[in-house]
A.B. asks: 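Would you mind keeping the following structure in view while I ask a few things?
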Amino acid sequence: MKEFWTENSKIIGKIILNQFGATFLGIMLVTAATAAQSENDWLMLFASCFSTLFYLFLLYNVIWERGGQDRIRIDGGRAQRKPLTGLWVSLAANIPNFIIAVVILVSNPFKPAEWAVSMNVIGRAAALLWEGMYGGIVAYFSPNNPIIHLLCIFPAVFVCTFGYLIGLSNKRILSIFELKHPNK
């Protein structure tokens, strides 16, 4: 376990930093979209989807690079192939999201109690500040369902697992957009 943290602490830090930046992008875009349009929520939903996709793209780039580095070490015989590294790194980086989801899920059934209401408000405020890119999606589809905060974790876990495997196999998703040299 200690080996995992020492080996992956830098990439986990990058993922958390990317979430921090995407959160502020999401908060700014969703707030601006909400203020600009009061009757329909489609602009807020679009802004939230854009910031979420941007966040997932950042995650993909970071974890793909890690998969590529591991591929070089595996080919050189300096490391073993561990295809679930992307999954484990993503789960470790999403520990704050799990804590927020558990706080909201535990406090929601006991809402009539004063402690539960306070805990739920704190959890939802933390979710808004830490998962700001999902703010418009949550507000549009399921503002009162506490399970949505747990479901917000799965796109990041999926993208990190998939991106690591793609990097490990030395393939690129975005290679179709790259310019190719003409044959002479």
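Residue indices begin at 1 and follow the sequence shown. For clarity, every value in this text was computed on a predicted model and none was experimentally measured.
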A.B. asks: What heavy-atom pair brings V30 and G136 nearest, and what distance separates the two atoms?
C.D. replies: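 Nearest heavy atoms, V30 then G136: CG2-N, 4.0 Å.
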
A.B. asks: Could you please spell out the steps behind the side chain to side chain contact (heavy atoms under 4.5 Å, CB included) verdict for M133 and F54?
C.D. replies: CA-CA 9 Å; M133 60 285 215; F54 182 72; over 6 Å; no

A.B. asks: Do the side chains of I166 and L56 join up, straight or via other hydrophobic residues, at under 4.5 Å, putting them in one cluster?
C.D. replies: yes

A.B. asks: Nearest 0.5 Å please: distance from the CH2 atom of W64 over to the CZ atom of R71.
C.D. replies: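 Rounded to the nearest 0.5 Å, the CH2-CZ separation comes to 10.5 Å.
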
A.B. asks: Minimum heavy-atom separation for I16 to A93, with atom names?
C.D. replies: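 Shortest heavy-atom contact: CG1-O, 3.7 Å.
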
A.B. asks: Quick one: closest heavy-atom pair of Y55 and A22, and the distance?
C.D. replies: CB-CB, 3.5 Å

A.B. asks: Under the side chain to side chain contact (heavy atoms under 4.5 Å, CB included) criterion, do N94 and Q19 qualify, and how do the steps go?
C.D. replies: CA-CA 9 Å; N94 279 298; Q19 181 167 356; 4.1 Å; yes

A.B. asks: Let me see the working for N8 and T85 under side chain to side chain contact (heavy atoms under 4.5 Å, CB included), right down to the final yes or no.
C.D. replies: CA-CA 9 Å; N8 297 307; T85 300; 4.2 Å; yes

A.B. asks: Heavy-atom distance under 4.5 Å between the side chains of L129 and T23, does that happen here?
C.D. replies: no

A.B. asks: Would you say L58 and F50 are hydrophobically clustered, going by side-chain heavy atoms of ILVMFWY under 4.5 Å?
C.D. replies: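 Result: yes, single cluster for both.
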
A.B. asks: Can you name the closest pair of heavy atoms from C152 and Y134 and give their distance?
C.D. replies: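 Answer, listing the atom of C152 first, then Y134: O-OH, 3.2 Å.
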
A.B. asks: What are the two closest heavy atoms between I15 and C160, and how far apart are they?
C.D. replies: CD1-SG, 4.1 Å

A.B. asks: Start with the C-alpha distance between I63 and V159, add both sets of side-chain angles, then the distance that settles side chain to side chain contact (heavy atoms under 4.5 Å, CB included), and finish with yes or no.
C.D. replies: CA-CA 9 Å; I63 203 75; V159 165; 5.6 Å; no

A.B. asks: Output the distance between atom OG1 (T161) and atom CH2 (W88), rounded to the nearest 0.5 Å.
C.D. replies: 9.5 Å

A.B. asks: Return the CD1 to CD distance between I27 and E131, rounded to the nearest 0.5 Å.
C.D. replies: 10.5 Å

A.B. asks: Side chains of I137 and I148: closer than 4.5 Å at any heavy-atom pair?
C.D. replies: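 Answer no - side chains too far apart.
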
A.B. asks: Count the heavy atoms of every other residue, nucleotide or ligand shown that sit under 6.0 Å from CZ of F98, and state whether that count exceeds 12.
C.D. replies: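 Counting neighbours around CZ of F98, more than 12 heavy atoms of other residues, nucleotides or ligands fall under 6.0 Å, so yes.
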
A.B. asks: Return the minimal non-hydrogen interatomic distance between N145 and R124, and the atom names on each side.
C.D. replies: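 Reported closest heavy-atom pair: C-NH2, 4.5 Å.
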
A.B. asks: Is there a side-chain contact between Y164 and V89 (heavy atoms, below 4.5 Å)?
C.D. replies: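 No, every pair of side-chain atoms sits at 4.5 Å or beyond.
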
A.B. asks: Rounded to the nearest 0.5 Å, what's the gap from CG on L128 to NE2 on H149? Could you check?
C.D. replies: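 Reported to 0.5 Å precision, the distance equals 9.0 Å.
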
A.B. asks: More than 12 heavy atoms of other residues, nucleotides or ligands under 6.0 Å from CD1 of I95: is that the case?
C.D. replies: yes

A.B. asks: Honestly curious: do I11 and I74 fall in one hydrophobic cluster under the side-chain, below-4.5 Å linking rule?
C.D. replies: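 Yes, it is one cluster - the side chains of I11 and I74 are joined through contacts under 4.5 Å.
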
A.B. asks: Could you check if a side-chain atom of K82 sits within less than 4.5 angstrom of a side-chain atom of D70, using non-hydrogen atoms only?
C.D. replies: no

A.B. asks: Rounded at 0.5 Å granularity, tell me how far CG in L43 sits from OG1 in T34.
C.D. replies: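 One finds 8.0 Å between CG of L43 and OG1 of T34.
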
A.B. asks: Hey, what do you get for CG (L165) to NZ (K171), rounding to the nearest 0.5 Å?
C.D. replies: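 Separation between the atoms: 11.5 Å.
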
A.B. asks: Any chain of hydrophobic side-chain contacts (each under 4.5 Å) joining F20 to V62?
C.D. replies: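 Linked, F20 and V62 end up in one cluster.
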
A.B. asks: Using the rule that Ile, Leu, Val, Met, Phe, Trp and Tyr join whenever any side-chain heavy atoms are under 4.5 Å apart, tell me whether M28 and W130 fall into a single cluster.
C.D. replies: no

A.B. asks: Any non-hydrogen side-chain atom of Y140 less than 4.5 Å from a side-chain atom of S48?
C.D. replies: no

